[in-house]
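Got a structure here, written out as structure tokens. Questions coming.
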Number of protein chains: 2
Amino acid sequence: MDQTPDIPTRNELIKYLSKYINLTEEDTNAILKDLDIRLYKKGDILIKEGEIPELCYFVFKGCVRQYFNLDGEEKTTEFYTEGQPISVFRGTNVNKKSSFFLSCLEDCVMSVGPIVPENTDIDPKFITLCKTAAEDELCRTQETLAMYRLTNPEERYLELMKTKPELITRVPQYYLASYLGIKAESLSRIRRRLTKKT
Amino acid sequence: MDQTPDIPTRNELIKYLSKYINLTEEDTNAILKDLDIRLYKKGDILIKEGEIPELCYFVFKGCVRQYFNLDGEEKTTEFYTEGQPISVFRGTNVNKKSSFFLSCLEDCVMSVGPIVPENTDIDPKFITLCKTAAEDELCRTQETLAMYRLTNPEERYLELMKTKPELITRVPQYYLASYLGIKAESLSRIRRRLTKKT
DNA sequence: AAAACTGATTGACTTTGGTTAAGAAAGGAA
DNA sequence: TTCCTTTCTTAACCAAAGTCAATCAGTTTT
């Protein structure tokens, strides 16, 4: 969890932010100056089920896994990799506790920031950025959910091969399986079926 | 599509907005004064796949179905009912076209507003409202997606009975089926299985 | 009333996924 | 290297979902 002054890494965040808002030279410098970059070890846990989230993250390097503990079984529901923000929102009417775990699947480099509190005096430009980023993320999540309702596990695996092929080799298959909504044995069978088809 | 001055109906919108922001008396009056409330007929289509969304909606009365047309088959992915906003976001890096249809399952009363354009001079209070609402919606959608990865169709049907029981009687079952990620015949069997269990 | 249409159910059969249990393969640690 | 742990694969069996086709019930149309 040391502080590192890695310039090319930091530019990734600027690139991400630039998708959502026009940044002046000063903006960029201000952001980079105050950036809190931390190193995490494989296995480090960022938050546990039931804890109240205080931080949000941006992944520069590594992979973070989001999961639930259901009847003693870990159910993986998301992976966050390079260039992705981890938005640990506090739902407005929901209780403020996290409903899942976040843990590092690999050694990670991430920037860490406080969750923006309501009713604080913040640069309106930053609020607009958050609004756009949240809408963008919402749009993407809605489409993923729709895709889920429309496809079977095999189709979802093929989709994953197309959109995030690196995950397949990077992540243990039994984590991937619950991410695809199936058991590890079924994923193994799907993989065999597919190799036979070619 | 007439204009209607239905006061109790309008208060629903205020109630929704109040979840996200403190509204003064003036705010409330300003919002209610300019409200564009329209009536839609059963079967009316709000937007088609490929069209560029210009409006967003808030449902006062009725039910709107969101669906895709996949290989000639309609796949239902969402229902919007009383008190729900229909946020037709334009993803930032995605193309601006809608990827789905929206059509009225019943006669509907909705308020209609333009999608907020970027870089316009807008009350910062309103931006904050949008940010919070989007984050809240995102939080909810992420949890729905996680639930989807974790459960089988029967469990999802039971969950639906708990959370939105009115949908089950209100909506044709073959629409419900694809919403649950299965075929109409399978939903019918699940229902039979469940009645036998009791 | 008869015909047409829409939506739900059922049956027979196939395919796929869950379960349980046993091994095989790969990667680290001693 | 050997041992051990982690991860992946396979098999056998069962339950559930998909497919195709027929039927039924309830509406609406003519």
Side-chain angles (χ1 to χ4, degrees), chain A residues 41-43 63 65 67-68 70-77 79 103-107 147-161 165-198, chain B residues 41-43 63 65 67-68 70-77 79 103-107 147-161 165-198:
Chain A
K41 286 275 163 214
K42 175 176 177 172
C63 181
R65 180 173 70 102
Y67 62 99
F68 294 76
L70 226 74
D71 334 307
E73 229 182 326
E74 279 184 8
K75 303 283 194 170
T76 299
T77 51
F79 299 101
S103 113
C104 299
L105 270 183
E106 310 168 356
D107 291 351
M147 188 271 275
Y148 239 78
R149 300 190 140 123
L150 266 44
T151 58
N152 62 31
E154 179 171 324
E155 291 165 330
R156 296 201 281 264
Y157 180 75
L158 289 169
E159 179 68 18
L160 187 69
M161 293 211 317
E166 71 293 351
L167 268 191
I168 292 175
T169 47
R170 191 170 179 179
V171 157
Q173 278 187 49
Y174 60 98
Y175 290 151
L176 268 187
S178 60
Y179 180 72
L180 293 169
I182 53 177
K183 302 283 161 179
E185 297 90 332
S186 297
L187 177 53
S188 188
R189 276 190 290 229
I190 287 174
R191 286 159 60 87
R192 186 173 33 150
R193 267 202 319 258
L194 290 175
T195 55
K196 278 182 182 169
K197 277 184 185 169
T198 45
Chain B
K41 286 274 163 213
K42 176 176 177 174
C63 180
R65 180 173 70 102
Y67 62 98
F68 294 76
L70 227 74
D71 334 305
E73 228 182 328
E74 278 184 11
K75 303 283 194 173
T76 299
T77 50
F79 299 102
S103 108
C104 299
L105 270 184
E106 310 168 355
D107 291 352
M147 187 273 275
Y148 239 78
R149 298 189 141 124
L150 267 43
T151 58
N152 63 32
E154 180 171 322
E155 290 164 330
R156 296 200 282 265
Y157 180 74
L158 288 170
E159 179 68 17
L160 187 69
M161 293 210 318
E166 72 292 352
L167 268 192
I168 293 175
T169 49
R170 191 170 178 179
V171 157
Q173 277 188 47
Y174 61 100
Y175 288 152
L176 269 187
S178 59
Y179 180 72
L180 293 169
I182 53 178
K183 301 285 161 178
E185 297 92 327
S186 297
L187 176 54
S188 186
R189 277 187 220 121
I190 287 173
R191 287 159 60 88
R192 185 173 35 152
R193 266 198 324 256
L194 290 175
T195 55
K196 278 182 183 167
K197 276 183 185 169
T198 45

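What's counted below: heavy atoms across the whole structure, side chains too, no hydrogens, waters or symmetry copies. Note on naming: letters A, B, ... go to the chains in the order of the sequence lines (proteins, then strands), and numbering restarts at 1 for each one.
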**OP:** Provide the closest heavy-atom pair for A/L167 versus A/L176 in the form atom of the first, atom of the second, distance.
**Re:** O-CD1, 4.2 Å
Original post:
Is it true that a side-chain atom of B/R65 and a backbone atom of B/S103 form a donor plus acceptor pair closer than 3.5 Å?
Top reply: no
Original post:
Roughly, in whole Å, what's the span from CD in B/E154 to P in D/dA17?
Top reply: 7 Å
Original post:
Over how many whole Å does the gap from A/R170 atom CZ to D/dC8 atom C1' extend?
Top reply: 20 Å
Subject >> Atom of A/R192, atom of A/T195 and distance for their closest heavy-atom approach >> reply: O-OG1, 2.7 Å
Original post:
Reading nucleotides 8-15 of chain C 5' to 3', which nucleotides get B (base under 4.0 Å from a protein heavy atom), which S (sugar-phosphate only), which -?
Top reply: SSBBB---
**OP:** Indicate the atoms forming the closest heavy-atom contact of A/L150 with B/K75, along with that distance.
**Re:** CD1-CB, 3.4 Å
Subject >> Validation row: B/E155, B/M147 side chains within 4.5 angstrom (heavy atoms) >> reply: no
Original post:
Rounded to the nearest Å, what distance is computed from the NZ atom of residue A/K183 to the C1' atom of nucleotide C/dA21?
Top reply: 16 Å
Original post:
Hey, is the main chain of B/T76 close enough, under 3.5 Å, to the side chain of B/S178 for a donor-acceptor pair?
Top reply: yes
**OP:** For B/K41 and B/C104, work out which heavy atoms get closest and say how close.
**Re:** O-CB, 3.6 Å
Subject >> Whole-Å gap separating P (C/dG18) and CG (A/N152) >> reply: 12 Å
Original post:
Whole Å only: how far is the CG atom of A/L194 from the P atom of D/dT9?
Top reply: 12 Å
**OP:** Rounded off to whole Å, could you give me the CD-to-P distance for the A/E74 and D/dT6 pair?
**Re:** 12 Å
**OP:** Check whether any side-chain nitrogen or oxygen of A/R156 sits under 4.0 Å from OP1 or OP2 of C/dT16, and answer yes or no.
**Re:** no
**OP:** Quickly work out the A/E155 CD to D/dA17 C1' distance and round it to whole Å.
**Re:** 14 Å
**OP:** Return the value, rounded to whole Å, for the distance between atom CZ of A/R149 and atom P of D/dA17.
**Re:** 16 Å
**OP:** Rounding to 10 degrees, work out the angle separating the end axes of the helix from C/dA1-D/dT30 to C/dA30-D/dT1 (five pairs an end).
**Re:** 30°
Original post:
What are the two closest heavy atoms between B/R191 and B/I168, and how far apart are they?
Top reply: NH1-CG2, 3.7 Å
**OP:** List the atom of A/Y175, the atom of A/E74, and the distance in Å for their closest heavy-atom pair.
**Re:** CE2-OE1, 4.1 Å
